[in-house]
Visitor: 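Sending over a structure as structure tokens; questions will come in a sec.
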Amino acid sequence: KSMLIGRSFSDIITPPGEAELILRVTQDTGSVRDHRLEIIHRDGHETPVWFNGTIYRDETGTGKGILATLRDVSQQLKTESELRDSLQYYLIILDGLPNPIWRVSPEGWFDYFNQAWLEFRGREEDEEKGQGWLSGIHPDDLQSFTALFDAVMTSHVFFFHELRLMHRDQTYHRVRMYARPLFGQDRSFRGFIGSCCDIEQARQSEERARQIEREKALILDSSHDQVIFMDPDLRIRWVNRVVEEYTGMLSEELAGRLCYSVLMKRESPCPDRIPAVFQDPPPAGRPARHAPGYGLRTWLLIPSFLSRGW
């Protein structure tokens, strides 16, 4: 204490000239808060501090001097540095993930896109940042997404959304986006982290499967034979139009029912017929025997082979 009294403030503060500047600003404005300085110790090492200063006045309002505090923030700065290093570490991990990932700030500014996103879009990160990536959303999907985004920026809740996004091949791919809010230790809102999944290929595969099913049903419905597709436990999955006409029931109504209870009015399978279906399956394509009393051939389609009928 005795070594400091009477010395100039600038003798113990670095960088040079910063002490005079901050004192002058305090005098001109009346106060200064959290200004970063370095205080020089007796052994020459330096410690980062926050300078907080205010003019103190007498009862007439005349300024009498500056009341200042210097708070050691070395641990705080160390922690912040470790957090930045940790953040950089996780960003490196995110860059290696196969799913496109993005991050948005508390102000709604998209400030990060990982490598998978940039490869999907075929654009540079600077082109995507901010609101740049929104130009890739299909015009018919843009309004619904922006309305949802504006809402969650206020409510700070998890959300997901499907939209069409321009791919690097210059076609729109349907993607499913997921995002969760980020919060600091003080529970303050820190933005969102989100990812998206390209479901275009899956959607096209599903559509092809539906088309195949439609074509199969059309072909089987054109047959003049009864066609029954069922599980190995003899529960009906699907029947064609001829069976519907014969039973007076739709395929949806027959689904799940035991075939012998519907077609033969029996409570159990025919002992000399049905077991043979499973014991000795014939080559695929072999026609069924005539069903007794039906006057029609009945095809029993059981998963993994085409079996003979009754």
Side-chain angles (χ1 to χ4, degrees), residues 1-95 101-113 125-126 129-132 149-158 179-194:
K1 180 178 178 180
S2 61
M3 296 177 64
L4 292 173
I5 294 176
R7 293 183 62 182
S8 171
F9 187 53
S10 61
D11 290 344
I12 61 170
I13 294 298
T14 190
E18 191 70 15
E20 291 83 355
L21 174 62
I22 195 61
L23 292 176
R24 188 162 55 250
V25 172
T26 305
Q27 291 172 342
D28 293 341
T29 63
S31 67
V32 169
R33 291 184 57 83
D34 294 339
H35 184 85
R36 169 74 180 277
L37 295 173
E38 302 281 340
I39 190 170
I40 305 172
H41 290 260
R42 182 169 52 180
D43 61 5
H45 81 272
E46 300 173 357
T47 296
V49 297
W50 287 134
F51 172 90
N52 286 273
T54 184
I55 296 290
Y56 70 90
R57 306 175 187 277
D58 61 18
E59 58 275 7
T60 66
T62 303
K64 304 299 290 184
I66 297 175
L67 178 64
T69 61
L70 301 175
R71 181 164 59 91
D72 184 349
V73 292
S74 54
Q75 186 58 46
Q76 176 184 338
L77 296 178
K78 179 183 177 182
T79 301
E80 290 176 353
S81 176
E82 290 173 349
L83 286 174
R84 284 192 297 270
D85 291 344
S86 176
L87 175 61
Q88 186 60 33
Y89 171 73
Y90 283 109
L91 290 181
I92 291 173
I93 293 177
L94 292 178
D95 257 348
I101 294 174
W102 51 265
R103 185 182 64 192
V104 65
S105 73
E107 297 75 32
W109 184 265
F110 289 83
D111 58 8
Y112 171 78
F113 296 92
E125 187 172 21
D126 288 343
K129 278 186 172 181
Q131 309 300 320
F149 183 72
D150 289 344
V152 298
M153 285 301 294
T154 301
S155 60
H156 306 161
V157 295
F158 168 87
R180 63 179 298 270
L182 301 174
F183 297 96
Q185 291 186 343
D186 59 355
R187 302 305 300 162
S188 61
F189 176 60
R190 301 295 180 86
F192 280 93
I193 185 77

Visitor: Could you pull out every donor-acceptor pair under 3.5 Å between side chains of residues 18-28 and any protein atom, sequence neighbours left out?
Guide:
residue: E18; atom: OE2; partner: H35; partner atom: NE2; Å: 2.7
residue: E20; atom: OE2; partner: S10; partner atom: OG; Å: 3.1
residue: T26; atom: OG1; partner: I22; partner atom: O; Å: 2.7

Visitor: Relative to each other, are the rings of F149 and F192 parallel, tilted or perpendicular (30° and 60° limits)?
Guide: tilted
Visitor: Does D111 form a salt bridge (charged side-chain N to carboxylate O under 4.0 Å, His left out) with K129? I'd like the steps, not just the answer.
Guide: CA-CA 5 Å; D111 58 8; K129 278 186 172 181; over 6 Å; no
Visitor: How long is the straight-line distance from CZ of R190 back to CZ of R103, given to the nearest 0.5 Å?
Guide: 12.0 Å
Visitor: Roughly how far apart are H45 NE2 and I40 CD1, rounded to 0.5 Å?
Guide: 11.0 Å
Visitor: Decide side-chain contact (heavy atoms from CB on, under 4.5 Å) for L70 and F51; before the verdict, give the C-alpha distance in whole Å, the side-chain angles of both, and the deciding distance to 0.1 Å.
Guide: CA-CA 5 Å; L70 301 175; F51 172 90; 3.6 Å; yes
Visitor: So which heavy atom on L67 is nearest to which on Y56, and how close?
Guide: N-CD2, 3.8 Å
Visitor: What is the distance from atom CD1 of I101 to atom CG of D95, rounded to the nearest 0.5 Å?
Guide: 8.5 Å
Visitor: How close do P48 and R36 get, heavy atom to heavy atom, and via which atoms?
Guide: CB-NE, 3.5 Å
Visitor: Working to the nearest 0.5 Å, report the span between OG of S74 and CD of E46.
Guide: 12.5 Å
Visitor: For F189 and P181, work out which heavy atoms get closest and say how close.
Guide: CE1-CB, 4.1 Å
Visitor: If we count only N and O atoms by modelled type, under 3.5 Å, do the side chains of D43 and H41 hold a donor and an acceptor together?
Guide: no
Visitor: Taking the side chain as every heavy atom from C-beta outward, state whether N52 and D34 have any pair of such atoms under 4.5 Å apart.
Guide: yes
Visitor: Can you name the closest pair of heavy atoms from G53 and I66 and give their distance?
Guide: CA-CG2, 4.5 Å
Visitor: So F110 and F113, would you call those rings parallel, tilted or perpendicular, with 30° and 60° as cut-offs?
Guide: parallel
Visitor: Can you name the residues that form a ring pair (Phe, Tyr, Trp, His ring centres under 6.0 Å) with Y112, not counting sequence neighbours?
Guide: none
